[in-house]
Amino acid sequence: MTAPSKTGKSVRIDDPYLWLEDLSGERALRWVEEQNASTLSELRSERLEEMQAEALAIMDASDKIPSVQRRGDFLYQFWRDADHPQGLWRRTTLDQYLAEQTDWETVVDVDALAAAEDENWVWAGAEVLEPEYARALILLSRGGADTVVVREFDMTTKQFVPGGFTVAEARTDISWEDDDTVLVATDFGEGSLSAIGMPLIVKRWRRGTALDQAETVFTARAGDLGAAAGVYRTPGYERTLFVRMIDNRNKEIFLLHGGELVQLDIPADGSVSMHRQWIVISVPTGWTRGDASHPSGTVLVADLDEFLSGTADLHIIYEPGGPSIFQGAVWTRDYLVVATLEDVASRLHVMTPGIWEAHPIPGVPENTDTYIEAIDPFSNEIFLSSTSLDKPRRILHGLVGGSVREIKTAPARFNADDLVVSQHFATSLDGTRIPYFLVTHRDSTGPAPTLLHGYGGFAISQLPGYLGVTGRLWVERGGNFALANIRGGGEYGPDWYFQSINAGRHRVAEDFAAVATDLIERGVTTAAGLGATGTSAGGLLMGVMLTQYPQLFGALVCGQPLLDMRRFPVLGVGAAFVAEYGNPDDPDDWEFIKQYSPYHNIDADRTYPPILITTSTNDDRVHPGHARKMTAALQAAGHQAALYESTDGGHAGASTNAQAAFETALMYEFLHRNLDWALSHDRH
């Protein structure tokens, strides 16, 4: 059997389940229906229905704290509940938000819109015109896919603009350049898309003209992942940037300066942000500029005009060292707010431009996951969200340069009175200390069922946020919970991440296995009582745990996974992940990829724990063929593997709270069924 490779050449594939990659084939869809029916028949129970109702009650709760973003005089927020499963884009004032009962004004009712147009619309965001806030570009997705439809919206009349900017369904990047002009990268026809379907061309589209008449202003190269544009619209400091995305890490950034495109002299894997006259540059892998060398993880700031002329003094606003790493920075009107992690605990500091000395923001709680929820770039207002594994979310509000105070606290969603939250360190195979958080029951006298969660990819940190639904469906029923901070994430900076890519991918699994082993050796649980979950890159991790470390687990849940690492570049947008995992078409890369590729390491002679694999038919990021083929191959090898494939939800797996509640309850029912609850004397 042959199949196309990333390069377009045919390669020999010994794959009896290639037909399951067909998204519309009758045979494949019939097989999926049979798998779903079997999974649901096995897991249906009163407890499943009870947990589904509990999860939905939390997701639909009217007393959730709404996240907000200031847009001029209003605070905007997207909201879902039982009466509005598709959601409302709504707004209020600060005074109303601070009141005990907030009066919200509906701006877009997605349920009403979907019903009127007979479409399964899912909210995908809004690009609002700044600083006027008179218009927005609304993004709508069918069923939660990454492709979107774009429509111009009047923020005053709360109506779509007749004859306004409208873009048909595609992977689209769009930004306001001015009131009557947008920069748009989308599907312009033949030759305008990359191999993964991302746009390669950015055009300037003026009001009153047809999209096919728009002027091409930037083009990425053939073989790139895509192109995008971004605009800073602070009056007097307007800046337009264009990005050539070479792969998922490397890029070239160009500034429109004096009518010409000027490439910024920054590292290929670096990133920039701009505010007024300043440019902030993050250096992931080190950078030598002139006589100065800046180590991996450094963050610098300079005057933009001086930077362009080559005369800038680069001021260090963050230098790596010890357990602290740079997490991000945002601008208010007059200040730069810097977020860092120290042993996976949040720290927030404020800097005055030109002085660049860091000072803590008064009022921020210690030893929490506290992050910047919203800022206003045209004032110094800031909203912070603070939480921990056992404490519900709190919103803090204030002015940067002053202090913040707590203004809202969410109610508890589960009983945490008997819980103990601790941080521990396991030792990985190469001697690296791997942190993990652990939630246990204070009066527990021995091993108990424990759920371990991990991700390990794309420098995405796993932070100790409130457990919420997990607390109710798992911890309150007697289980322990552990969160692994393994390599592949960003918990300790760029080096922590870069150790895991390409030929270093094995370290992700070794780290996770080390945490699992530590939990067992410390008597927190046993192998029969240890379950693990992971989604996307974490789904790949679960596949590796199944095929390489099956002796450590009693059950696994593998969501939206990459699993066939021979064909991942031609499935979904998998070509974007080559920089992360390596290129299987390259014989040298395939040598290390094939060592862990779950689909290619199934062993009929080993004992595997039961596994539940979930995916979505319209996941256009990680193709459902991965989950389908892995399930079929495992079953053929005599292993206990169940599949549940939702019809929509995209890579998120669910497009409504009801769908998310059901799939979450299904996962926990599977874990309750398959882990050794005889270990626990608690209620279950």
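These figures come from a predicted structure and were not determined experimentally.
Between the side chain of D187 and the backbone N or O of L193, no donor-acceptor pair lies under 3.5 Å. Side-chain N or O atoms of S141 include none that pairs as donor or acceptor with a backbone N or O of V122 at under 3.5 Å.
With contacts defined as side-chain heavy-atom distances shorter than 4.5 Å, the pair R505/M565 does not qualify. Between I613 and L634, some side-chain heavy-atom pair lies under the 4.5 Å cut-off. Between T172 and P199, every side-chain heavy-atom pair lies at or beyond the 4.5 Å cut-off. By the 4.5 Å heavy-atom criterion applied to side chains, F378 and P235 are counted as neighbours. Between D81 and N657 the shortest side-chain heavy-atom distance does not fall below 4.5 Å. Between V108 and W123, the closest side-chain pair of non-hydrogen atoms falls below 4.5 Å. At a threshold of 4.5 Å between non-hydrogen side-chain atoms, the residues E21 and V570 do not count as touching.
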What donor-acceptor contacts under 3.5 angstrom involve side-chain atoms of residues 253-271, with partners at least two apart or in another chain?
| residue | atom | partner | partner atom | Å |
| --- | --- | --- | --- | --- |
| D265 | OD2 | R289 | NE | 3.3 |
| D269 | OD1 | T285 | OG1 | 3.3 |
| D269 | OD2 | T285 | OG1 | 2.8 |

Would you mind writing out the side-chain donor-acceptor pairs for residues 575-582 within the sub-3.5 Å range, not counting sequence neighbours?
| residue | atom | partner | partner atom | Å |
| --- | --- | --- | --- | --- |
| E580 | OE1 | Y497 | OH | 2.5 |
| E580 | OE2 | F458 | N | 2.9 |

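The neighbour count for R221 CZ, taken as heavy atoms of other residues, nucleotides or ligands under 6.0 Å away, does not exceed 12. Under a cut-off of 6.0 angstrom, the local environment of CD in E215 is crowded, with over 12 non-hydrogen atoms contributed by other residues, nucleotides or ligands.
Of the charged side-chain nitrogens involved, at least one lies within less than 4.0 Å of a carboxylate oxygen, so that D179 and R233 count as a salt-bridged pair. Classification of K594 and D589 as a salt-bridged pair fails, no side-chain N sitting under 4.0 Å from a carboxylate O.
The ring pair (Phe, Tyr, Trp, His ring centres under 6.0 Å) check on F160 picks up F153, with sequence neighbours excluded. In this view, N248 satisfies the side-chain hydrogen bond (donor to acceptor under 3.5 Å, both in side chains) rule with no residue, not counting sequence neighbours. Listed by chain and residue number, nothing satisfies the ring pair (Phe, Tyr, Trp, His ring centres under 6.0 Å) test with H651 (two or more places apart in sequence, or in another chain). Taking Y76 as the reference, W89 meet the ring pair (Phe, Tyr, Trp, His ring centres under 6.0 Å) condition, with sequence neighbours excluded. Not counting sequence neighbours, Q595 has no partner by the side-chain hydrogen bond (donor to acceptor under 3.5 Å, both in side chains) test. Every residue two or more places apart in sequence or in another chain was checked for a ring pair (Phe, Tyr, Trp, His ring centres under 6.0 Å) with H623, and none qualifies.
Within the structure, salt bridge (Lys or Arg N to Asp or Glu O under 4.0 Å) contacts touching residues 118-129 (residues at least two apart or in different chains) are E119-R142. For residues 299-308, there are no side chain to side chain donor-acceptor pair (under 3.5 Å) pairs, not counting sequence neighbours. Annotation: ring-ring contact (aromatic ring centres under 6.0 Å, His included) contacts involving residues 227-253, sequence neighbours excluded, comprise F218-F242. Every pair tested for ring-ring contact (aromatic ring centres under 6.0 Å, His included) that includes a residue from residues 181-200 fails, sequence neighbours excluded, so the list is empty.
If you take CH2 on W590 and CG on D585, they are separated by 10.0 Å, rounding to the nearest 0.5 Å.
Between the side chains of Q560 and T535, no donor N or O sits under 3.5 Å from an acceptor N or O.
R27 forms a cation-pi arrangement with W19, by the criterion of a distance under 6.0 Å to the ring centre and an angle within 45° of the ring axis.
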